[in-house]
Amino acid sequence: LERSSLSGTHSGNECWADGGGIYLWSPHYASIDNCIISGNAARGDGGGLAAYAFDNNAGSPATVSIKNCLISSNTTTLALGVSGCGGGLDVMANAPYIQNCTIVRNRVVGDESPMIGGGGVSVAAFPTQPYSVGGISNSIVRLNIVTGTQPVGKQIYSYRDCSIGYCNIEDGEAGVYGVYFWGEGNIADDPLFVDCTNENYRLDYMSPCIDKGDPHYTPYPPDEKDLDNLRLRVNGDRIDMGAYEYYDVLRGDLNCDDVIS
């Protein structure tokens, strides 16, 4: 799935099971690239997206890849006695990869459910080979909410073996719960979105997320572009965190009003 928009603003997607916007299962490989998944709801796991891929008999691991996506304002609502996770997305695979995404303002709403978590992301890796762990990288995960009697992982709930590196996560490691590897390059500073109130999650020119992604990231394809499909995915020394690459423009006091714009 590539360059699509699944938004409750337009279609009011709601599912009484997993995956309010998208439910995806594959025995081998599944990818969701450059998509907007917003305003969806589920009564199970994954308010915006539920994606699963397993194949224990294959020579290479089954993979779910989610890349250059905005996942925002999705909701998972849980009934009494039901456990569930992932207000924005719930991903399980031999090797799950969440790269270059902005995951914001999603929520898990529960009552007396035994375990709820991952207001932004719920993820689990079941590696079949040592190198196939998967994880979350170059992403912004913030402003997500978990409510209930036993909430865990306000931003990320890693059920099993997920690596997290070069991400901007609200509250830092305190926003993560579960079994995971906390890698290099993670920050917790305000990402300074252009206009968060009006859901413009592009980066302001002062954002700490600019040029702070994985220094070893290699664009694929070589001319890979960001979610706007306007800017090369690496537009500077390093990739930016989040779904949008910052593009430097000339700024100054253009009308002599003592305001830089």
Side-chain angles (χ1 to χ4, degrees), residues 48-49 64-72 85-93 95-108 117-125 127 131-146 151-194 196 201-219 226-227 233-246:
L49 161 68
V64 170
S65 173
I66 300 167
K67 189 175 180 183
N68 297 327
C69 290
L70 170 63
I71 302 170
S72 66
C85 303
L89 65 160
D90 180 49
V91 180
M92 292 190 288
Y97 293 96
I98 301 169
Q99 296 178 296
N100 319 341
C101 289
T102 299
I103 303 168
V104 292
R105 284 185 169 160
N106 304 285
R107 58 179 183 159
V108 177
V121 184
S122 174
V123 60
Y131 64 82
S132 64
V133 173
I136 307 172
S137 62
N138 305 332
S139 295
I140 299 173
V141 188
R142 301 188 67 90
L143 305 173
N144 301 291
I145 298 172
V146 181
V152 297
K154 185 177 178 182
Q155 304 305 320
I156 299 172
Y157 173 37
S158 174
Y159 178 72
R160 176 174 168 173
D161 293 345
C162 176
S163 66
I164 302 169
Y166 297 98
C167 290
N168 182 304
I169 301 171
E170 184 175 349
D171 299 326
E173 195 169 0
V176 183
Y177 176 86
V179 181
Y180 60 91
F181 172 71
W182 187 256
E184 297 180 348
N186 295 310
I187 62 175
D189 303 319
D190 185 338
L192 298 178
F193 294 126
V194 168
C196 189
Y201 300 116
R202 295 166 185 83
L203 302 178
D204 182 80
Y205 75 102
M206 293 289 288
S207 173
C209 298
I210 297 171
D211 290 342
K212 289 298 188 293
D214 184 352
H216 304 294
Y217 182 82
T218 301
D226 69 354
L227 181 56
R233 190 59 264 207
V234 179
N235 185 45
D237 296 331
R238 287 160 56 174
I239 189 172
D240 297 344
M241 295 176 177
Y244 300 100
E245 195 78 7
Y246 175 73

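FYI, side chains are in, hydrogens and waters are out, and symmetry mates aren't considered; it's all heavy atoms of this structure. Remember, it's a predicted structure, so these values are computed and weren't measured experimentally.
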Exercise. Would you please test Val234 and Tyr217 for side chain to side chain contact (heavy atoms under 4.5 Å, CB included) and show each step?
Key: CA-CA 9 Å; Val234 179; Tyr217 182 82; 4.2 Å; yes

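- A search for side chain to side chain donor-acceptor pair (under 3.5 Å) contacts involving Asn138 returns Asn100, not counting sequence neighbours.
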Quiz item: Checking side chain to side chain contact (heavy atoms under 4.5 Å, CB included) for the pair Asp90/Val123: CA distance, chi angles, key distance, verdict?
Solution: CA-CA 6 Å; Asp90 180 49; Val123 60; over 6 Å; no

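- Annotation: side chain of Leu203 is not in contact with side chain of Tyr244 (no heavy-atom distance under 4.5 Å).
- In this structure, Ile66 and Cys101 have side chains that are in contact, with non-hydrogen atoms separated by less than 4.5 Å.
- Remark: Asn106 CG to Gln155 CD distance equals 9.5 Å, nearest 0.5 Å.
- In this structure, Gly135 and Cys162 approach most closely via the heavy-atom pair CA-SG, 3.7 Å.
- Atoms CD and OG, on Glu184 and Ser163 in that order, are 11.5 Å from each other to the nearest 0.5 Å.
- Here OH of Tyr246 is found 10.0 Å from CG of Asp240. Values are rounded to the nearest 0.5 Å.
- Taking the side chain as every heavy atom from C-beta outward, Val176 and Trp182 approach each other to under 4.5 Å.
- Between Tyr97 and Lys67 the shortest side-chain heavy-atom distance does not fall below 4.5 Å.
- In this structure, Asn168 and Arg142 have side chains that are in contact, with non-hydrogen atoms separated by less than 4.5 Å.
- When only modelled atom types and interatomic distance are considered, Asn68 and Arg233 share a side-chain donor-acceptor pair under 3.5 Å.
- Between atom CG of residue Leu89 and atom CD1 of residue Ile98 there is a gap of 4.5 Å, rounded to the nearest 0.5 Å.
- For the salt bridge (charged side-chain N to carboxylate O under 4.0 Å, His left out) test, residues two or more places apart in sequence or in another chain that qualify with Arg202 are Asp228.
- In terms of heavy atoms, Gly118 sits closest to Val108 at O-CG2, 3.7 Å.
- Under a 3.5 Å cut-off, the side chain of Asn235 and the backbone N or O of Glu245 do not form any donor-acceptor pair.
- Between atom CD1 of residue Ile239 and atom CG of residue Asp237 there is a gap of 13.0 Å, rounded to the nearest 0.5 Å.
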Self-check item: Stepwise side chain to side chain contact (heavy atoms under 4.5 Å, CB included) check, Arg238 with Asp214
Solution: CA-CA 7 Å; Arg238 287 160 56 174; Asp214 184 352; over 6 Å; no

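- Side-chain contact between Leu143 and Glu170: present, with at least one pair of heavy atoms (C-beta onward) separated by less than 4.5 Å.
- The two atoms that bring Phe193 and Tyr201 nearest to each other are CD2-O, 3.2 Å, heavy atoms only.
- Considering only heavy atoms from C-beta on, Val146 stays 4.5 Å or farther from Arg107 through its side chain.
- When all heavy atoms are compared, the tightest approach of Pro191 to Cys209 is CB-SG, 3.7 Å.
- Side-chain contact, Tyr180 with Glu173: a donor N or O sits under 3.5 Å from an acceptor N or O.
- With contacts defined as side-chain heavy-atom distances shorter than 4.5 Å, the pair Ile136/Ile156 qualifies.
- At least one donor-acceptor pair under 3.5 Å links the side chain of Ser158 to the backbone N or O of Val179.
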Practice problem: Applying side chain to side chain contact (heavy atoms under 4.5 Å, CB included), run through Ile187 and Met241 and close with a yes or a no. | Solution: CA-CA 10 Å; Ile187 62 175; Met241 295 176 177; 4.0 Å; yes

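- Within the 3.5 Å criterion, the main-chain N or O of Ser137 finds a donor-acceptor partner in the side chain of Ser139.
- Distance OG/Ser72 to CD1/Ile103: 10.5 Å, rounded to 0.5 Å.
- Legend: residues meeting side-chain contact (heavy atoms from CB on, under 4.5 Å) with Tyr159, ordered by chain and number and at least two apart, are Ala124, Phe126, Tyr157.
- The two residues Arg105 and Asn144 make their nearest non-hydrogen contact at N-OD1, 3.3 Å.
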